[in-house]
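The next block holds one structure in the form of structure tokens; read it before the comments.
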Number of protein chains: 2
Amino acid sequence: MMLPVSTDHPEPASGERRNSATPRDPAASAGIRRRLLDEAARVLVEEGPAALSARRLVKAVGASTMAVYTHFGSMPGLVREVMREGFARFRTRVEAVRPALGPDADPVSELAGLCRVYQEFARAEPEVYAVLFGGSPLAGFELTDEDRQMGARVIRFPFEAILRCAAAGRFRTDIDAGLAVRQLFAQMHGLAQLARAGYILGDYRPDDVLAGLLRDFAVAAGDDPDRAARSVRSGLGQGAGPGA
Amino acid sequence: MMLPVSTDHPEPASGERRNSATPRDPAASAGIRRRLLDEAARVLVEEGPAALSARRLVKAVGASTMAVYTHFGSMPGLVREVMREGFARFRTRVEAVRPALGPDADPVSELAGLCRVYQEFARAEPEVYAVLFGGSPLAGFELTDEDRQMGARVIRFPFEAILRCAAAGRFRTDIDAGLAVRQLFAQMHGLAQLARAGYILGDYRPDDVLAGLLRDFAVAAGDDPDRAARSVRSGLGQGAGPGA
DNA sequence: TCTCTGCGTATAACGCTGTTATTGCCTATA
DNA sequence: TATAGGCAATAACAGCGTTATACGCAGAGA
């Protein structure tokens, strides 16, 4: 007795169970990793963080719980991979702003464009954004210092845009770009989080607040108020500006 | 058979178990609610959100899991109570700013003082703050619209401070105070969250960014740069200002 | 004083979670 | 062909929130 050898399956009649057509298809096997990641991203966007569980993912892709641990070590490890891919998408958006505008574009407008894609990403992938920048843990995963430094490195783009604004005579030439870019980062993050949490109430839309923040940022940095407003409107994209 | 009547306790020798000195002491019984809340707040601040569980709380206060459900309905219900008390502490801080300064105080300084207590609260109770304003769920609890409106109502204080700034000739008289206060809200929230998440890196401290944000806010609102800097320094408290 | 009604509680269980030790298959190597 | 090793399925463990059940005790009514 007690022979675990033939752990008789309760229902091996399930057809394509294991020893049927492709018992260990290499493509399907290697695809488990990919399928788990895709399913995790799908569940995250469609049903929220609370629905993300190992058992649910492995059931969806037809694997056992071990798949999570052989491929990712743990659930936080899987989430980490999802976050890495999400961050790659974020960086892609940010990096595409300046090439789309051309090297001679209005730098204040470029700054506004960077902030626009920032807000767009936060809106498009709120769960990923919340984990990456909001510090909200997900299935036990929390950011490491390395993650944070990677995330903080994208402020290089608005940093350089600020320098270009100063060089173009729009901003004060003695501006502390390092401080200013951190102020801008805080503003963008705060707006994104508040909008996501439903805290932008009353007769004001997040885009109104965004336009106001950017205009005031440029004005405080030394730009002419009217010119700043025009550049911001242009950078935020046609029709995205507030009524005024 | 099957008499669940005398479900013999495994170890009734535990002394003050039930039928000993105070079997149903009304004070202790009514105190279970309070003790659960205090223990929850303690665990939250000392060990973080991940350590907050019903079983752990009831064990700490010597009750059974049912205590959570008779007193709070559910774990989210208990967390809700913790959050309500946390928000009361936040409001107390905010409301104390103007009385401490007097009705004739520099309104820009008062605005800075409000932002200071905001940041202080976020730093003092990061977990509570993250749930209240960051939208980060805790043990299944999430903010309701009613909670958000209650939270958003405290922006009344900076709103009125902005109006006073305009009345005192420091800010433009045609300033859109509703928009401006939302911009300020976003800035304060973003800074608090970024600082908490460890995203204020490099040679800049959160207080530097705070001072910069407030000064720029006042300048964009129409205040004189030097005067704004002085008021902000004063409002942030002695010694809290940046080096420059 | 006795009885009854009802609230609050303890127990035990259900289904869920992440995680892991064990076992065995299958593939790729010597 | 024989062998070594990675990958996966099973089943289990501890913990989670939640709940049905039964019971003890307190206060109200007779």
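Keep in mind it's a predicted model, so treat the numbers as computed, not measured. In what follows, every chain begins at residue 1, and chains take the letters A, B, ... in the order their sequences are listed.
Of the residues in residues 49-66 of chain A, those placing a heavy atom less than 4.0 Å from an atom of DNA chain C are A/L52, A/S53, A/A54, A/R55, A/T65, A/M66, in numerical order.
Each end of the helix from C/dT1-D/dA30 to C/dA30-D/dT1 gets its own axis, taken as the rotation carrying the C1' atoms of four end pairs onto the next four within a five-pair window, and the two axes meet at 10° to the nearest 10 degrees.
Here the nucleotide nearest the side chain of A/M75, chosen from D/dT18, C/dG18, D/dA8, is C/dG18. Closest approach to the B/I32 side chain among C/dG18, D/dT18, C/dT9 is made by C/dT9 (side chain taken as heavy atoms from C-beta onward).
Partners of B/E110 according to the side chain to side chain donor-acceptor pair (under 3.5 Å) rule, which considers only residues two or more places apart in sequence or in another chain, are B/R164. Not a single side chain to side chain donor-acceptor pair (under 3.5 Å) links A/Y69 to another residue, sequence neighbours left out. Every residue two or more places apart in sequence or in another chain was checked for a side chain to side chain donor-acceptor pair (under 3.5 Å) with A/Y199, and none qualifies.
In this structure, A/L138 places its CG atom 14 Å from C1' of C/dT17, rounding to the nearest Å. A/F72 places its CZ atom 13 Å from the P atom of C/dT19, with the value rounded to the nearest Å. Regarding B/R33, its CZ atom lies at a distance of 17 Å from the P atom of C/dC7, rounded to whole Å. Nucleotide D/dG17 holds its P atom 6 Å from the OH atom of B/Y69, rounded to whole Å.
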Side-chain atoms of residues 44-56 of chain A: list all donor-acceptor pairs with protein atoms under 3.5 Å, sequence neighbours left out, distances to 0.1 Å.
unit_1, atom_1, unit_2, atom_2, d
A/E46, OE1, A/R42, NH1, 2.6
A/E47, OE1, A/R56, NH1, 3.0
A/E47, OE2, A/R56, NH2, 2.6
A/S53, OG, A/R56, N, 3.2

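Centroid-to-centroid, the aromatic rings of B/Y118 and B/Y129 come within less than 6.0 Å.
The salt bridge (Lys or Arg N to Asp or Glu O under 4.0 Å) pairs that include a residue from residues 144-155 of chain A are A/R80-A/D147, A/D145-A/R148, where partners are two or more places apart or lie in different chains. Screening residues 177-188 of chain B for salt bridge (Lys or Arg N to Asp or Glu O under 4.0 Å) gives no qualifying pairs among residues at least two apart or on separate chains. Within the structure, no pair that satisfies the salt bridge (Lys or Arg N to Asp or Glu O under 4.0 Å) test touches residues 58-69 of chain A, not counting sequence neighbours.
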